[in-house]
Each structure stands twice: as C-alpha cells, then as structure tokens.
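Here the structure is a predicted model, which is why all the values come from computation and not from measurement.
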Amino acid sequence: MKFYSTKRSVEPVSFKEAVIKGLPEDNGLFMPEYIPQLSEEFFANLNKKSIHEIGLEVALPFVGDDISKSDLEQIVTETLNFDIPVVKVEDNIYSLELFHGPTCAFKDVGARFLARCLSQFSDEKVTVLVATSGDTGSAVANGFLGVPNVDVIILYPKGKVSHLQEQQLTTLGQNITALEVDGTFDDCQALVKTAFLDKELNKSIKLTSANSINIARLIPQSFYYFWAMKQLPSDQKIVFSVPSGNYGNLTAGLLAKAMGLGIKGFVASSNANDIVPQYLNENIYKPRPSQQTISNAMDVGNPSNFGRMTELYKQSWDDITKDITGYSFYDGETKAAMKKVFDEKGYVLDPHGAVGYLGLKKYLKQNDYLGVFLETAHPAKFLDTVNEVIGEIEIPERLEAYLHKTKVSIPIDNDYEVLKTILKG
C-alpha cells in the first residue's frame, strides 16, 4: 500500500514514510492509494470477533510489510486495552463511550497506536510536533511518555482549554514539553504546519505529527466504528453523529464505511464553528477564525481533515451530502441538552457529546433509524461547565491525580520564529 498526497505534487510513499513524515512536503494530506474492501466472511463473523481481531484485520491492508503481522497484533492489543462500550441512553439513541482510556478521551486510541508505530520505526531521534485544542495533547503526551528516541512538543492555546486538560498537558515532564501559545487553536495548527514545510528546519531535526493529519492517528479511529456496529442490532439502519472540530473522527468513520461497514449515514455535529455544516448545507466552504465555546476541542475554524473527507467522495458535493448531514449548535443549546438528558435519563453528557446528541436528535426527527452519538471525553474533564449545569460529579481517580501536580509550560507568542528557535534548541 502506498500513500499519496491530496495535492498530488509529490511521489507516493510507504506507510512507514507517511507515519514518520506526518505531512507531505506539498502541504497536502496522506491518503491510501485505494480503500481496501474487507471480505464478506469478515462481516459475517463480526459478532464473533474481539476488538483486537477487528483492529488487526482493518489495519493490515494499510500497514502492508512495514510492520510484521505479529508486531501489528501486539500494537493493536496494547492500544485497545480498555473498554469501548455502547450504552443505551433512550429509545433508538445510544452513546459510544470513548473515554475509558488512560486520558479519558477518544484520542487515546489513535495516539497509542501512533506511538507504538513510531517506536517500531524510530532508529533515530524524532520530534513529535502537535497542536491541540484540548484532548489531543494529553493523549499524545500519555502515549509517548518515556518512549526512547522521541521528543514531544505540544502547542496549546492559552486560556482556551479546560483546567484539567491543561494539567494533563503540562505536568508529565520527561520527554514532553508544553508550549502555551498566545492565540487560538488555528494559530497553533498553522505554526505546526509551517514547521513541517520549513526545509531548513527539517534538515536539522526529524519532525513528525501526532495530530489527526497523521495517517497512523486516523486508521485506528476507524476500529471503534466496527466495534460499535458489533454491539448493535444487525437488523437496524444505523447512523452515527460525530461531534466534530478537526474532523478526523468523522473521516475515520467514513473510511470504515468505504471499507464495507454498513453504516447508513453520518451527522457532522458542530458548535458555533460551523464551517463544514455550512459546506454540507450550502456548498460553500469558507474557513474563518475560530470562536471559543464550552466544547473547546471543537473550536476549529479551518479543519485539516476536510481535504480527506472530500477526497473520499472525489470532491463531489452531491455524493458527500448523500452520506453526511451537518448541524451546528450554540452553547445555550448544548447546556440545555446536558441538563435535559441528566434530569430525564440520568446520563451525564460532556459538552462535546451533548453536541453529538443534539445533532442526532435533530436528524432522527426526519429519519426512522437507530442512532449512535460519540461521547468523546469524560465529563469530568469539563468540570466548570458540567458542575454548573447538573451539579457536582465524581472525578475518576486517574484524572484527579493531575490536579495535584505542578504545571510546567513555556509561554510563547504566536510567532513562528519563536517556535523555530525552541525546536532547534
């Protein structure tokens, strides 16, 4: 399997090269040269398979000979060492709980897989450079903590992540460095992309990415769509509502569908940063500066994975809108949904899951399907909002431990030359 750039101005590369590079030199995104089709036998026996067996079969065609089957099996087993349950919330509405990993966020799956792949490939020093709007940074930091030959530099927007998220980013030490950027997530993302395109810098250090722009983050996120379908009735038409910011999670679902998984459709559920819903509804794609909301991990004004989404549909708006419906919601609506679901069903939503729930409810008014929304992070990561809306909730022990550690970060201006100096040093 080779991986090409969506801008098609550089030569295709192997899985190993795509993972190590992170981003093609032409500033496109790596995509597989074809979407492998899983066998009828695989789907016929899906109910009998473990999550590790599913992950191995899904990943194998992409990885090829770059990682042996036995090593890949170990990577998948170590990555997926926690529960990913589907929980019924109300009639025809289920939550796919992706927050049972070590940092209590869905990005644990992709980050742990990527870290283990890079460990296979790291015969020389690598610097992982990543921008985060909240959960990516902590998942990446945890996944790479103490990994030999890997340094991790995390850029996060000052004052725009929750307190617990910041503690997870800034208290680990060892090979993890946190840079507190005076700007937005989009600014952080732009700084990272500039570094990857800086030929002088890349001659002196070996950079790779751990954002969902890295193909080794994207592929494993497709695993849990297969796992969710296994847990649901096989005679139902099923739609997934994905709370979305950078759209890696939704793109992974589209990848699973393209491989043959029988998902009926998707809801792209966003907060006030409604760039993709606007495209889906009006055929207008217009990135803009992000707005700060209570669902901060989705505060993205120029989503990286949009290019992959449209690539899967050969840039056809008519085709992409057959599979994806887009809605956006404001903070007031998000809080109201959190309170209503807790009061009526006793289920605690985080602000991101609440946006996914709202999108699903709106979609199901016109469609008689079974719906699943992705609950992407533990509600305790957003204590201020959750406690304000529904009252105090219990903090998992593995999260509470971060609250008692000392924050260590480097404040920097939104200035690429400052970042470059730090990277070279």
Trainee: Are K16 and Q120 packed together at the side-chain level, in the sense that at least one heavy-atom pair is separated by less than 4.5 angstrom?
Mentor: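 No - every pair of side-chain heavy atoms lies 4.5 Å or more apart.
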Trainee: Take atom OH in Y330; do more than 12 heavy atoms of anything else shown fall under 6.0 Å from it?
Mentor: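 No - once you tally the heavy atoms of other residues, nucleotides and ligands closer than 6.0 Å, there are 12 at most.
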Trainee: Rounded at 0.5 Å granularity, tell me how far OG1 in T170 sits from NZ in K407.
Mentor: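 Going from the OG1 atom of T170 to the NZ atom of K407 covers 6.0 Å.
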Trainee: Ignoring hydrogens and angles, tell me if any N or O in the side chain of N302 forms a donor-acceptor pair with the backbone of P287 under 3.5 Å.
Mentor: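 Not a single qualifying donor-acceptor pair exists.
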Trainee: Supply the atom-to-atom distance I422 CD1 to E417 CD, rounded to the nearest 0.5 angstrom.
Mentor: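 If we round to the nearest 0.5 Å, I422:CD1 and E417:CD are 12.0 Å apart.
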Trainee: Say you draw a straight line from OH of Y156 to CD of E166; how long is it, rounded to the nearest 0.5 Å?
Mentor: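 Separation between the atoms: 3.5 Å.
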Trainee: Does some side-chain heavy atom of V239 sit less than 4.5 Å from a side-chain heavy atom of N367?
Mentor: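 Side-chain contact under 4.5 Å: no.
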Trainee: Taking S241 for the side chain and G356 for the main chain, is one N or O donor matched with an acceptor at less than 3.5 Å?
Mentor: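 Indeed, once roles are kept as given, a pair shorter than 3.5 Å links the two residues.
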Trainee: Hey, could you give me the CG/OG1 distance between L129 and T208, rounded to the nearest 0.5 Å?
Mentor: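 Taking CG in L129 and OG1 in T208, the distance rounds to 9.5 Å.
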Trainee: Considering only NZ, NE, NH1 and NH2 on the basic side and carboxylate oxygens on the acidic side, decide whether D299 and K160 come within less than 4.0 Å.
Mentor: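 Salt bridge: no.
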Trainee: Counting C-beta onward and ignoring hydrogens, is there a side-chain heavy-atom pair between P289 and T184 closer than 4.5 Å?
Mentor: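 P289 vs T184: side chains apart.
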Trainee: Compute whether any side-chain donor of one residue and acceptor of the other, for N305 and T251, lie under 3.5 angstrom apart.
Mentor: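 On atom types as modelled, these side chains do not qualify, holding no pair under 3.5 Å.
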Trainee: I'd like to know if the side chain of H352 and the backbone of A297 have a donor-acceptor N/O pair within less than 3.5 Å.
Mentor: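 Pair found, side chain donor or acceptor close to backbone of A297.
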Trainee: Any carboxylate oxygen within less than 4.0 angstrom of a Lys/Arg side-chain nitrogen, looking at D151 and K206?
Mentor: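 No.
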Trainee: Do V267 and Y327 come within less than 4.5 Å of each other through their side chains, counting heavy atoms only?
Mentor: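 Yes, at least one pair of side-chain atoms sits under 4.5 Å.
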Trainee: Grab the two heavy atoms, one from A141 and one from I154, that are nearest each other, plus how far apart they are.
Mentor: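 Smallest heavy-atom distance, with atoms named: CB-CD1, 3.8 Å.
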Trainee: Once rounded to the nearest 0.5 Å, what's the spacing between atom CE of M298 and atom OG1 of T376?
Mentor: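 If I round to the nearest 0.5 Å, the distance is 7.5 Å.
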Trainee: With distance as the sole test, does D66 use its side chain to make a donor-acceptor pair with the main-chain N or O of F15 at under 3.5 Å?
Mentor: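 Checked: pair present.
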Trainee: Is there a donor-acceptor contact under 3.5 Å from the side chain of D198 to the main chain of T194?
Mentor: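 No, D198 side chain to T194 backbone: no donor-acceptor pair under 3.5 Å.
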Trainee: Indicate, with yes or no, if the rings of F306 and Y279 have centres closer together than 6.0 Å.
Mentor: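 Under 6.0 Å, so yes.
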Trainee: Kindly determine whether L250 and I324 satisfy side-chain contact (heavy atoms from CB on, under 4.5 Å), including the steps that lead there.
Mentor: CA-CA 10 Å; L250 178 55; I324 314 173; 4.3 Å; yes
Trainee: Please report the closest heavy-atom contact between T79 and R116, naming both atoms and the distance.
Mentor: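 What the structure gives for the nearest pair is OG1-CD, 3.9 Å.
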Trainee: Can you tell if the side chain of T132 reaches within under 4.5 Å of the side chain of V140, non-hydrogen atoms only?
Mentor: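 No, every pair of side-chain atoms sits at 4.5 Å or beyond.
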Trainee: Donor-acceptor pair, K230 side chain versus I51 backbone, under 3.5 Å?
Mentor: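 Judged by distance alone, no pair lies under 3.5 Å.
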Trainee: Say whether, by atom type as modelled, one donor and one acceptor occur between the side chain of E180 and the main chain of S409 under 3.5 angstrom.
Mentor: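 No; judged by distance alone, with no hydrogens or angles, the pair does not exist.
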Trainee: F266 versus K257: any side-chain heavy-atom pair under 4.5 Å?
Mentor: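 Yes - at least one pair of side-chain heavy atoms lies under 4.5 Å apart.
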Trainee: Please test D384 against S162 for side-chain contact (heavy atoms from CB on, under 4.5 Å), starting from the C-alpha separation and ending with a verdict.
Mentor: CA-CA 8 Å; D384 290 347; S162 77; over 6 Å; no
Trainee: Please determine whether the number of non-hydrogen atoms from other residues, nucleotides or ligands lying under 6.0 Å from atom CD of E25 exceeds 12.
Mentor: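 Not more than 12 within 6.0 Å, no.
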Trainee: Which heavy atom of T334 sits nearest to which heavy atom of A354, and what is that distance?
Mentor: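 Looks like CG2-CB, 3.7 Å.
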Trainee: State plainly whether the residues K362 and E333 are in salt-bridge range, i.e. N to O under 4.0 Å.
Mentor: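 Looking at E333 together with K362, the answer is no, because their closest N to O distance does not fall below 4.0 Å.
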Trainee: Are the side chain of S244 and the backbone of N249 linked by a donor-acceptor contact shorter than 3.5 Å?
Mentor: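 Not confirmed, S244 side chain does not pair with N249 backbone.
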Trainee: D318 vs Y313, test: side-chain contact (heavy atoms from CB on, under 4.5 Å). Steps then yes/no.
Mentor: CA-CA 9 Å; D318 289 334; Y313 291 90; over 6 Å; no
Trainee: When rounded to the nearest 0.5 angstrom, what is the spacing between CG in N246 and CD in Q189?
Mentor: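 Answer for the CG-CD pair, N246 versus Q189, is 4.5 Å.
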Trainee: Quick check: does any side chain N or O of T6 sit under 3.5 Å from a backbone N or O of L29, one acting as donor and the other as acceptor?
Mentor: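 At least one qualifying donor-acceptor pair exists.
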Trainee: Quick one, F373 and E375 - any side-chain contact, counting heavy atoms below 4.5 Å?
Mentor: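 They are in side-chain contact.
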Trainee: Would a distance-only check, ignoring hydrogens and angles, find a side-chain to backbone donor-acceptor pair under 3.5 Å from N414 to G183?
Mentor: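 It does not hold such a pair.
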Trainee: Show your reasoning for whether side-chain contact (heavy atoms from CB on, under 4.5 Å) applies to L218 and F113.
Mentor: CA-CA 10 Å; L218 187 71; F113 185 88; over 6 Å; no
Trainee: Quick test of your reading of the model: are D108 and R112 salt-bridged, counting only N-O distances below 4.0 Å?
Mentor: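 Looking at R112 together with D108, the answer is no, because their closest N to O distance does not fall below 4.0 Å.
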Trainee: Does E17 pair with K21 as a salt bridge, N-O distance under 4.0 Å?
Mentor: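 So E17 does not pair with K21 through a salt bridge.
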